[in-house]
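Okay, structure first, notes after.
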Amino acid sequence: MKLSELKAGDRAEVTSVAAEPAVRRRLMDLGLVRGTELKVLRFAPLGDPIEVNCNGMLLTMRRNEAEGITVHILAGDEGHQHGWPGFRRRHRFGKRA
Amino acid sequence: MSQHKTITVALAGNPNAGKSSLFNALTGAHQRVGNFPGVTIEKHEGYLDYRGYRITVVDLPGTYSLTPYSPEEIVTRRFIIDEKPDVVVNVVEGTNLERNLMLTVQLMEMEVDLLVALNMMDEVEEKGISIDLDQLERLFGSHIVPISARNRKGLDELLDHIVSVSEGRIEIRKNKITFSAEVEKAIDKIAVLLAHERELDAAANHRWLAIKLLENDREVYTQVQKYPVWVKIELALQEAITECGILHSTDPEALITEDRHAFVRGAMQECVRLPKAARASASDYIDAVVLNRVLGLPVFFLVVWAIFQLTFTLGKPLMEALAYAFGLLSETVAPHLPAGMVRSIFVDGVISGVGSVVVFLPNIVLLFMGLSFLEASGYMARAAFVIDKVMHRFGLHGKSFIPMITGFGCSIPAIMATRTLKSRSDRLATIMTIPFMSCGAKLPVYVLLAGAFFPPAMAANVMFGIYLLGIMIGLWTAWLLKSTVLKSDSEPFVMELPPYRWPTLTSVVFQARMKAVMYLKKAGTLILGAVIVIWAASNFPRSSALDAELVQEKAKIEATAVAPELKAEQLQTLEARIEASQLEYSLAGRSGKLLEPLIRPLGFDWRIGISLVTGLAAKEVVVSTLGTIFSIGHAAGETSLSQILRSDPGFSKATALSLMVFVLLYIPCVASVGVMKKEVGAWKPVLLYSVYVLAVAWIASFITYRLALLWM
Ligand SMILES: Nc1nc2c(ncn2[C@@H]2O[C@H](COP(=O)(O)OP(=O)(O)OP(=O)(O)O)[C@@H](O)[C@H]2O)c(=O)[nH]1
Ligand SMILES: [Mg+2]
């Protein structure tokens with residue numbers, strides 16, 4: 001599966017990185033290598049670029065670049081789809097979980 | 001101080017790690033600091049004396065890797081390799097160790113004398129991250145000094161370490177990390193081949209060269225390719241590629257990075273304890289709003305709008321106070337000066353010319369404070385993220401946005417900041433948009449004209465509209481270029497978002513003070529000079545016929561038998577009329593007249609023509625020229641420049657709008673044209689571009705003027 005196909009809130013593990021040499025290099029130096037876990041945080045207002053959290057770092061890239069990154073999806077993290085960071089640790093009705 | 005022993009220290013590290021902050025803290029310099037990656041693009045040197053040493057500190061552009069692709073990464077690597085600094089201080093962001101240590105590993109491979117400055121210790125402590133420094137030192141073989149560059153903590157300790165390393169009292173163990181077996185095999189093979197090549201420098205680090213060859217490093221390739229041994233090396237490389245493909249289903253370059261990463265991750269696991277329940281931070285909540293799919297763009301426009309609103313509304317009372325003070329000054333000074341030439345040069349020239357520019361100091365300072373808040377807070381990179389798609393439509397890049405915003409301050413650093421863009425065509429297109437990003441020097445023109453011809457509530461919006469127009473034409477220019485002469489594949493967008501940081505009060509105050517001093521300096525030198533020249537050009541030559549006429553007419557009025565008040569009034573109108581004719585007769589008047597047919601369709605008379613020409617030196621001069629020329633024939637301190645303009649028959653709302661548009665668009669100042677030439681590399685495109693800009697300015701002003709005449 002490609003990173004660009006994930007939804008906001010999905011977590012995944014990188015299986016390979018393909019891109020033109022300079023970009024690939026940059027992505028790898030930023031920590032996107034085989035085995036790295038990442039989480040898709042959100043898409044920009046117009047749907048592109050995308051923001052992922054990778055080892056605690058906030059990384060943004062265009063869909064175009066995300067297409068070259070193959071991942072394998074880990075268990076989804078549904079509460080975070082809403083993009084509000086603290087959402088999951090609460091109940092829907094505002095009570096603490 | 002020749003008896004000083006010298007040490008050269010290079011500051012290397014990831015972008016946004018705090019290298020420039022450290023550089024400033026050590027040397028007392030004022031290099032630009034900002035909370036987004038890619039602030040520094042050139043190396044800068046500074047000095048300090050410490051314990052009998054003269055230490056040269058070199059601030060380098062940030063890099064993620066030592067296999068360089070972008071120009072500023074090349075600067076960094078070349079410096080470390082070619083200049084061989086005595087000590088390399090690797091500035092590391094303590095809150096983002098994993099990524100930062102990837103570069104540390106690469107520096108280790110180069111076997112330089114390495115010291116690690118673990119920066120942002122304040123944030124590390126605040127977040128409750130604990131780091132086992134001793135173990136980390138053991139793994140990396142270099143000393144690690146915890147510091148906080150921003151709070152100037154740990155600096156002496158760092159300097160002590162620097163001195164000790166250079167004296168050889170601290171041993172850098174130069175640990176080697178071990179790569180996968182296949183890679184190691186290939187490295188050994190190539191290193192041996194290189195060692196046997198007699199023409200190659202025996203002192204070269206063969207292991208490092210071998211690693212770089214396996215990483216497809218273009219520079220090292222071309223360096224080694226010219227030796228006979230290359231044939232054998234190429235075979236070895238080919239073999240390594242095949243082996244890695246079979247055994248690891250990847251290429252040597254990726255494998256090497258993975259191995260480095262594994263090493264760093266191992267070190268992290270051993271040495272770094274993150275706080276247990278990592279709670280969502282304030283940063284996450286802010287991002288949830290600021291980067292929100294619905295709110296992201298409105299927030300972006302709101303932020304930019306707020307800055308201009310602030311610049312105008314908050315600046316207005318201060319500006320008026322200053323204007324009042326200058327009026328008072330010329331009123332008090334005038335009677336003490338001998339009438340005629342001397343009084344005119346001081347009152348009409350210096351005070352109203354320079355004064356009319358200095359008055360805008362509060363606006364300028366506020367604008368720059370707003371911009372530096374954007375830079376320091378961490379919003380800049382986020383704005384690039386939000387706006388990337390829009391920019392992309394016009395053939396630009398999200399990152400183009402950062403130089404463009406910088407351009408609202410001054411075009412020169414903005415043009416230089418385009419160096420963070422990798423693709424040349426993107427860079428050129430971005431450079432060409434920058435003159436349309438209205439710079440701080442044009443602000444006085446808008447404040448003056450918008451303030452004079454529009455009610456206060458509207459004035460800020462008129463200004464915002466002018467800025468928007470600039471942005472739109474800039475984007476359109478980029479699109480035009482990218483779809484004709486600068487066609488290319490779009491550059492990838494990969495960028496890290498830094499954590500939000502509060503700008504420190506001291507840095508904000510300092511920035512403001514520096515901008516104020518720079519502005520006043522400019523007013524006292526360049527603008528003062530221009531004012532004197534303009535004064536002279538608008539007073540000489542004088543027509544003796546007109547002088548004679550004045551004497552004659554005066555005598556006539558004196559001779560008539562009317563009330564004294566009426567007489568005084570008649571005298572005044574007469575003097576003003578003669579002065580105006582003298583101005584037309586002067587050098588400035590004649591050249592303005594020459595220009596007039598060209599600019600008449602835009603609603604400008606020859607007096608405005610003169611200010612546009614002088615404005616080429618610096619845009620503030622437009623205002624000071626208007627100040628000098630329009631005050632001729634008015635009594636000292638009689639009225640403010642905006643009142644004079646309002647009452648002048650040659651000036652209407654439509655003229656004001658048209659003039660604002662023209663000043664927004666027409667050729668940028670001489671200094672920025674020079675920088676543009678330097679960055680583009682040739683005169684021809686820059687000159688062509690200037691013609692284009694002038695044409696655009698003319699057409700846009702023409703349209704503005706005609707529409708304004710119709711509707712107002
Ligand atoms: N909290 C904290 N922030 C710091 C410290 N040192 C630097 N910063 C902040 O980190 C950001 C980046 O600092 P710079 O000095 O511009 O970083 P740089 O390494 O020169 O960045 P580039 O020039 O882009 O490579 C700024 O917002 C600084 O205020 C520190 O010790 N503590
Ligand atoms: Mg810097």
Side-chain angles (χ1 to χ4, degrees), chain A residues 3 8-9 14-37 39 41-70 79-90, chain B residues 14 63-65 67 69-70 95-96 98-99 102-103 106 215-216 218 249-250 253-254 257-258 260-262 264-265 268 274 278-281 283-285 287-288 291-298 300 381-382 384-390 392 398 422 489-490 492-499:
Chain A
L3 175 55
V14 178
T15 52
S16 81
V17 181
E20 62 146 300
V23 188
R24 179 161 182 255
R25 179 82 219 185
R26 169 63 53 87
L27 289 169
M28 292 198 306
D29 283 320
L30 284 166
L32 281 176
V33 293
R34 262 197 300 197
T36 306
E37 269 184 39
K39 184 170 139 196
L41 291 177
R42 59 175 65 82
F43 292 84
L46 300 169
D48 197 15
I50 108 177
E51 185 193 2
V52 299
N53 183 330
C54 154
N55 302 320
M57 175 180 72
L58 307 176
L59 193 60
T60 61
M61 67 186 93
R62 284 198 187 134
R63 275 174 189 272
N64 202 6
E65 277 79 60
E67 261 166 27
I69 301 170
T70 37
H80 279 219
Q81 279 180 5
H82 302 267
W84 191 250
F87 198 82
R88 194 169 142 264
R89 290 185 297 107
R90 287 163 194 262
Chain B
N14 281 173
T63 65
Y64 288 112
S65 129
T67 303
Y69 280 100
S70 63
T95 44
N96 207 337
E98 192 162 327
R99 163 171 60 65
M102 285 292 285
L103 185 76
Q106 296 186 52
E215 285 189 284
N216 282 319
R218 273 172 300 167
S249 57
T250 184
E253 188 185 0
T257 317
E258 281 170 22
R260 284 188 192 127
H261 216 259
V264 169
R265 217 175 272 180
M268 291 283 293
L274 297 172
R279 294 213 278 120
S281 62
S283 217
D284 296 333
Y285 285 101
D287 276 346
L291 304 181
N292 185 284
R293 285 198 78 157
V294 183
L295 298 176
L297 281 172
F300 169 76
R382 279 154 177 97
F385 172 72
V386 168
I387 208 79
D388 177 64
K389 184 77 182 273
V390 178
H392 198 49
K422 276 192 228 99
D489 294 338
S490 62
F493 178 90
V494 177
M495 191 182 57
E496 197 197 339
L497 302 183

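Owing to the predicted nature of the structure, the values given are computational and were not obtained by experimental measurement. To find a chain, count down the sequence lines: A is the first, B the second, and so on, and within it residues start at 1.
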Of the non-hydrogen atoms in [X] and [Y], which two are nearest, and what is the gap between them?
X	Y	result
R293(B)	L46(A)	NH2-C, 4.4 Å
L497(B)	E51(A)	CD1-OE2, 3.5 Å
F385(B)	F43(A)	CZ-C, 4.3 Å
R42(A)	D284(B)	NH2-O, 4.5 Å
P45(A)	G296(B)	CG-CA, 3.9 Å

Side chain / backbone / both / neither for [X] at chain A, heavy atoms under 4.5 Å:
X	result
R382(B)	side chain
M495(B)	both
E496(B)	both
V264(B)	neither
S283(B)	neither

**Request:** Count the heavy-atom pairs under 4.5 Å between each of L58(A), V23(A), I50(A) and chain B, then report the option with the highest count.
**Result:** L58(A)

**Asked** What residue, out of A44(A), G31(A), P49(A), has the most heavy-atom pairs lying under 4.5 Å from chain B?
**Response** P49(A)

How long is the straight-line distance from [atom2] of [Y] back to [atom1] of [X], given to the nearest 0.5 Å?
X	Y	atom1	atom2	answer
T63(B)	R26(A)	OG1	CZ	9.0 Å
E253(B)	R24(A)	CD	CZ	5.5 Å
N14(B)	L30(A)	CG	CG	8.0 Å
R260(B)	D29(A)	CZ	CG	7.5 Å
R63(A)	K389(B)	CZ	NZ	7.5 Å
R25(A)	T257(B)	CZ	OG1	4.5 Å

Check each atom of [X] against the heavy atoms of chain B and say whether the ones under 4.5 Å are side chain, backbone, both or neither.
X	answer
R34(A)	both
L27(A)	side chain
T36(A)	both

**Request:** Check the pair N55(A) / R99(B) against side chain to side chain contact (heavy atoms under 4.5 Å, CB included), numbers first and verdict last.
**Result:** CA-CA 8 Å; N55(A) 302 320; R99(B) 163 171 60 65; over 6 Å; no

